[in-house]
Protein chains: 2
Amino acid sequence: MKTEEEVEDFILNGHKHYLRHITIDCAIIGYHDQQLKILLVKWKHLNGWGLPGGFIMNEETLNEAANRILMEKTSLSDLFLQQFYTFGDSFFRLSKKDWDKDQRLLIPIPEDNWLLERTISIGYYAVVDFEKVSISPDIFYDEYQWCDIQSIPELLFDHNEMVEKAIQTIRLQIYHQPIGYNLLSEKFTLPEIHVLYETILGKQLDRRNFPKKLMSLGILKKLDEQRSIGPHRSPFLYEFDKENYEKALMEGIALAF
Amino acid sequence: MKTEEEVEDFILNGHKHYLRHITIDCAIIGYHDQQLKILLVKWKHLNGWGLPGGFIMNEETLNEAANRILMEKTSLSDLFLQQFYTFGDSFFRLSKKDWDKDQRLLIPIPEDNWLLERTISIGYYAVVDFEKVSISPDIFYDEYQWCDIQSIPELLFDHNEMVEKAIQTIRLQIYHQPIGYNLLSEKFTLPEIHVLYETILGKQLDRRNFPKKLMSLGILKKLDEQRSIGPHRSPFLYEFDKENYEKALMEGIALAF
DNA sequence: AATTTATTGCGTAAAATTTACAGAATCAAA
DNA sequence: TTTGATTCTGTAAATTTTACGCAATAAATT
């Protein structure tokens, strides 16, 4: 969606290709260097920050739509993308007034345009290493930021509620679903996955007990290689046991920290 | 929605009052006498069984809509109603062919009618004592049944998947959220809540250890009354400590069985 | 080549929790 | 008063979790 014609077509005829009333919004949690951040984008015409999102095309499934939208906004694919809740209590998303106010928008919008209707938003989350993400702008967004989880500003619509629920869900899910597949390199060390869990849970986990619990799940395979980390003992590399990982995704796991 | 005029108006003009594309479906899990059942309804025009559901009105929130729909279908209100997942991979809900085939329907349906569009369905579940529920029919449904969880027939759309996910969610949530407020009488005995948990989890819980764990949550209050149960020792009555129960709902609990 | 420094990796004792189970108390009907 | 079925409490054993000391290792420095 780059040319003027495409944008105009999206505004006037988008409702033929996308489902009205429904959006998908993504709470993309970024993790790096013991910090948790969330990806916020600035809406061109509303002059406020919110979560990246988009509409669902007529012929794609919800997961396909979520993956496509995430791909468009972050250039990332094949992420650990999880639906977590559907929000529908924010009755007005865009108003004609806000739209008309903004000079950057290309065409005036008809009063009964589909983009001005109430929307229900399906929330998805992903956890990514924010050092590896590159954001590509979109007609609706012109800026983005990785915002510290602790100090989130007031967001548009009900996006504050969505962020809160996303983080809450992740912290709960970490006990029941194997998390980490897309956050770490294919091969990683125990200390690496250790700080990942510490960061997400926001608390310290005993360095010596953590490997025992994690290994007892049977989803990790110890490799015969080590990583060189300078003048220190070389930690062994691990990778996820694909088969058991998939099984654990389906059936759930039980962890206690 | 009883008179012919009302039905016709719903079909032709419903899209002005309800959100297109979106429905709420309810997996109503019924519990009684150590059995788990699910409420199924038969769709008039599709000749198949599915979950009761309905559309969202323009000016009501999702929870309001879910409660209204549940009220309409079961005459129950103020239930422990929880959103659990949103489904959108079943592309066709109704077809004009199916509609036209059914003689009981009152009017022919236009090809581009809103009821024939793809729908996204927000799933809610409730757990109720099925002995206390009375079902009131609707234009779309003419029969209902309480179906044993173990032997669910093939359902319409993606409702089999919804039922499966609902039960899975309930079993997971029972460890993290206090369940029981709407299932038991206001005052209940330990054995009563004990079999409730056993039924939902589908396994036996030690009769002597169960009370210890449950009481340690601090959401139950022992009363100074007893229930008379015939020629046996009278069990004490308990009730939920409203304040702590609400707190536990918000913050979650941790149980291990 | 030995020493130093920072980190990984393992084992084990102590503490806490969970599980298993026995027996006393209670109620109402016979 | 006896009987039968059920509630309720306590406690020892088993298991799990937690805490933590120390050996092993890697490379840079002496």
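Numbers restart at 1 for each chain; the letters A, B, ... are given by sequence-line order, proteins then strands. Quick note: numbers below take in every heavy atom, side chains included, and nothing from hydrogens, waters or symmetry partners. Because the structure is predicted, anything quoted here is derived from the model rather than measured.
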**Request:** Could you pick out which residue, A:Asp206 or A:Gln226, lies toward the 5' side of DNA chain D when each is mapped onto its nearest nucleotide?
**Result:** A:Asp206
**Request:** For the residue pair A:Asn244 and A:Lys247, confirm or rule out a side-chain donor-acceptor distance under 3.5 Å.
**Result:** no
**Prompt:** What nucleotide among C:dT7, C:dG9, D:dC20 has an atom nearest to a side-chain atom of A:Leu190?
**Reply:** C:dG9
**Message:** Can you see if the side chain of A:Lys212 gets near the phosphate of C:dG11 - specifically, an N or O under 4.0 Å from OP1 or OP2?
**Reply:** no
**Complete:** Separation of C:dG9 atom C1' from A:His232 atom NE2, nearest Å, is 15 Å
**Item:** Between P of D:dA19 and CG of A:Leu205, the distance in whole Å
**Value:** 11 Å
**Prompt:** Just how far, in rounded Å, is P of C:dT7 from CZ of A:Arg227?
**Reply:** 16 Å
**Basic-acidic side-chain contact under 4.0 Å: A:Glu72, A:Arg68** = yes
**Asked** Is any side-chain nitrogen or oxygen of B:Lys222 closer than 4.0 Å to OP1 or OP2 of D:dT9?
**Response** yes
**Prompt:** With a non-hydrogen cut-off below 4.0 angstrom, is A:Pro211 in contact with a base, only sugar-phosphate, or nothing?
**Reply:** nothing
**Prompt:** Rounded to the Å, how far apart are B:Met215 CE and D:dG10 P?
**Reply:** 14 Å
**Message:** Would you say A:Tyr124 and A:Asn67 are linked by a side-chain donor-acceptor pair, where the criterion is simply a distance under 3.5 Å?
**Reply:** no
**Message:** Check this for me: does any side-chain nitrogen of one of B:Arg227 and B:Glu192 sit under 4.0 Å from a carboxylate oxygen of the other?
**Reply:** yes
**Asked** Donor-acceptor pair under 3.5 Å: do we get one between A:Arg208's side chain and the base of C:dG11?
**Response** no
**Item:** Value in whole Å for how far the P atom of D:dT17 lies from CG of A:Leu214
**Value:** 14 Å
**Complete:** Heavy-atom nearest nucleotide on DNA chain D taken for A:Arg233 and for A:Asn209; more 5' hit belongs to A:Asn209
**Item:** Value in whole Å for how far the C1' atom of D:dT7 lies from NE2 of B:His194
**Value:** 12 Å
**Prompt:** Does A:Ser228 put a side-chain nitrogen or oxygen below 4.0 Å from OP1 or OP2 of D:dA27?
**Reply:** yes
**Message:** From CD of B:Glu225 over to P of D:dT7, roughly how many Å is that when rounded to an integer?
**Reply:** 18 Å
**Item:** Nearest-neighbour nucleotide for the B:Lys213 side chain, D:dT7, C:dT7, C:dT18 considered
**Value:** C:dT18
**Request:** May I ask you to say whether B:Glu225 pairs ionically with B:Lys187, meaning some side-chain N is under 4.0 Å from a carboxylate O?
**Result:** yes
**Request:** In whole angstrom, give the distance that lies between atom CZ of A:Phe210 and atom P of C:dT7.
**Result:** 18 Å
